[in-house]
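All ligand and atom numbering here is 1-based and tracks the order in the structure. Below, each value reflects all heavy atoms present in this structure, side chains not excepted, and no hydrogens, waters or symmetry copies.
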Amino acid sequence: MVENFSEWFHDILEEANITDSRYPIKGMAIWMPYGFKIRKYMLERIKELLDKDHEEVLFPLLVPEAELAKEGEHVKGFEDEVYWVTRGGRNDLNEKLALRPTSETAIYPMYALWIRSHIDLPIKYYQIVNTFRYETKHTRPLIRVREITTFKEAHTAHATKEESDEQINDFINIYKEFLDSLGIPYMISKRPSWDTFPGADYTMAFDAIMPDGKTLQIGTIHNLGQTFAKTFDIKFEDKDGEHKYVYQTCAGLSDRVVASIIGIHGDEKGLRLPSLVSPNQITIIPILFKKGKEEVMNKCAELKETLEKEGLRVNIDDRDIRPGKKFYDWELKGTPLKLEIGPRDLKNNVTIAMRRDDGEKVEIPLDDDLTDNVFKLLNAYDEDLSDSAWSFQSEHVKFTDNIDEIADLIEDGNVVSFNWCGDDAVGKEIEEKTGYDILGIYRDADEGSKCILTGNDAKYLTLIAKTY
Ligand code: PR8
């Protein structure tokens, strides 16, 4: 795999025309055309999944200071990260306005107006917006940005706690399906209390292991209980005529999804894009000689049309440069499948297909089975991409019951699982002693297992890692 991941990641963003980070504000970058397309197809997919049972809305970017300040825990969690608008032209504003770091405090005062009765519930809204966080940790393109340009945040309200717990499961399933369609592996864990979203009862998180062994939190799902409902007075009249507070959840994904597609699937030649989000799923490369140029180009155009009719995204690279350079470029850009046609192939009525992952060349006849064969290759490519990413993950989660081994395992590029009694003070001591972050509870501990620090009965199998 890639030797120096951080450097590779920065270089590929520029070389593949994904983002440009030279914008003169730290943590804010430009989505370049190729990156924008990947982002677009990624968004289409998450929308498709959310739209089955949620509705899209769009809230204003600015949040009045009074609303942001209302929920004590929440504001404490975000106060160091908020950008403020204090002036309109030459006038000082009467009230400071926050650029949303997330939209709970923009949305929930409106929920209080909209929710009256049990028939108004559940509410399941989401929006895709930019949010702003004045991050103090080292910023990195797509991974830790100060303008999160692609924040997909969902906010739900329910009549009962059971329904809100079910909603958490629904979000987990949606995120699984979403990441599965991109071949991105994940570990789902319940964050420890000290890493729970500010104002939430509990947080479920999706983490992926990047090639350098550090984990990236790619999505989080929070059960907000009734905390915000009480703060913002979101009540409904139940069937029995009683006025009750709603139960709420929220869930979010960011630009990090694109970072994980790039980081997890990429190799030393560049990107390897899952076909779902690849701007071109197939790149046709004509091999041209002076003689028979036109026939080859006509065949390429015909092939493009046939494949596009099947809903595939296809481009022809007809630039006047050496084919070798074209191969190199589309390898860098991660097109799943290249189809090459030269005069000899034309004569034999075939095209030479080459998958981006294994680089193997196969001859496909230009006959009625062509599209079937192309789909077969694409599916196999996507499956293999996903399988190899999942294998990487399973090879890099290592169990230990010796606390002194944690550091070595992590420095070797692994995530470590261990048994924990579940006591917060003990958990924090484990973090302090090792210098790494507990990701969260992976599952219940096996019968009879003991806490790695205290030797007491263990409650949970827990993950610890070096994190982004
Ligand atoms: C919420 N409220 O806000 P969350 N750069 C890139 N990605 C980021 C950054 C950043 N600076 N900060 C967070 N993320 C809830 C849920 C509405 C939606 C990504 O939750 O603060 C992380 O992947 O946990 C995180 O899991 C996700 O946004 C949601 O942010």
Using heavy atoms and a threshold below 4.0 Å, how should the contact between [X] and ligand 1 be classified: side chain, backbone, both, or neither?
X: T203; answer: neither
X: R146; answer: neither
X: T220; answer: both
X: I148; answer: side chain
X: I143; answer: backbone

What protein heavy atom sits nearest [atom], and how far off is it?
atom: atom 14 (N) of ligand 1; answer: S254 OG, 3.9 Å
atom: atom 11 (N) of ligand 1; answer: E135 OE2, 2.7 Å
atom: atom 13 (C) of ligand 1; answer: R133 NH1, 3.3 Å
atom: atom 2 (N) of ligand 1; answer: E104 OE2, 2.6 Å

Does ligand 1 come near enough to [X] that some N or O of the ligand is less than 3.5 Å from an N or O of the residue?
X: H222; result: yes
X: L253; result: no
X: H155; result: no
X: R256; result: yes

Out of all atoms in ligand 1, which are within 4.0 Å of some heavy atom of [X]? Include the element for each.
X: R144; answer: 5 (N)
X: I218; answer: 23 (O)
X: G219; answer: 23 (O), 26 (O)
X: E153; answer: 17 (C), 18 (C)
X: Q217; answer: 22 (C), 23 (O), 24 (O), 25 (C), 26 (O)
X: A251; answer: 16 (C), 18 (C)
X: V145; answer: 5 (N), 6 (C), 10 (C), 11 (N)
X: C250; answer: 2 (N), 15 (C), 16 (C)

- Item | Centroid separation H74 to F228 less than 6.0 Å |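 H74 vs F228: aromatic centres under 6.0 Å.
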- Centroid separation Y108 to W114 less than 6.0 Å: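 When the ring centroids of Y108 and W114 are compared, they turn out to be at least 6.0 Å apart.
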- Kindly check if the number of other-residue, nucleotide or ligand heavy atoms within 6.0 Å of OH (Y328) is above 12?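 12 or below, so no.
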- Examine K190 relative to Y202 and say whether NZ or CZ is less than 6.0 Å from the centre of the six-membered ring and inside a 45° cone about the ring axis.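 Yes, K190 lies over the aromatic ring of Y202.
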- Shortest reach to atom 30 (O) of ligand 1 by a heavy atom, considering only F206, F197, F151: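 Result: the heavy atom closest to atom 30 (O) of ligand 1 is in F151.
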- Query: For the side-chain contact (heavy atoms from CB on, under 4.5 Å) test, which of K214, Q217, R256 pairs with Y468?
  - Reply: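 One option only clears the test, and that one is K214.
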- Task: State which residue, out of I406, I452, L453, fulfils the side-chain contact (heavy atoms from CB on, under 4.5 Å) condition with K433.
- Result: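 Only one of I406, I452, L453 forms a side-chain contact (heavy atoms from CB on, under 4.5 Å) with K433, namely L453.
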- Message: Any salt bridge linking R191 with D207? Criterion: basic side-chain nitrogen under 4.0 Å from a carboxylate oxygen.
- Response: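 Judged by the 4.0 Å cut-off on N to carboxylate O distance, R191 and D207 do form a salt bridge.
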- Item | Salt-bridge contact K450-D401 (side-chain N to carboxylate O under 4.0 Å) |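 Salt bridge between K450 and D401, a charged N being under 4.0 Å from a carboxylate O: no.
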Donor-acceptor pair between [X] and [Y] side chains, under 3.5 angstrom:
X: D317; Y: T283; value: no
X: E104; Y: Y111; value: no
X: S103; Y: Q127; value: yes
X: T156; Y: T249; value: yes

- Item | Whether Y175 and F206 hold their rings parallel, tilted or perpendicular, with breakpoints at 30° and 60° |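 The arrangement is perpendicular - the two ring planes meet at more than 60°.
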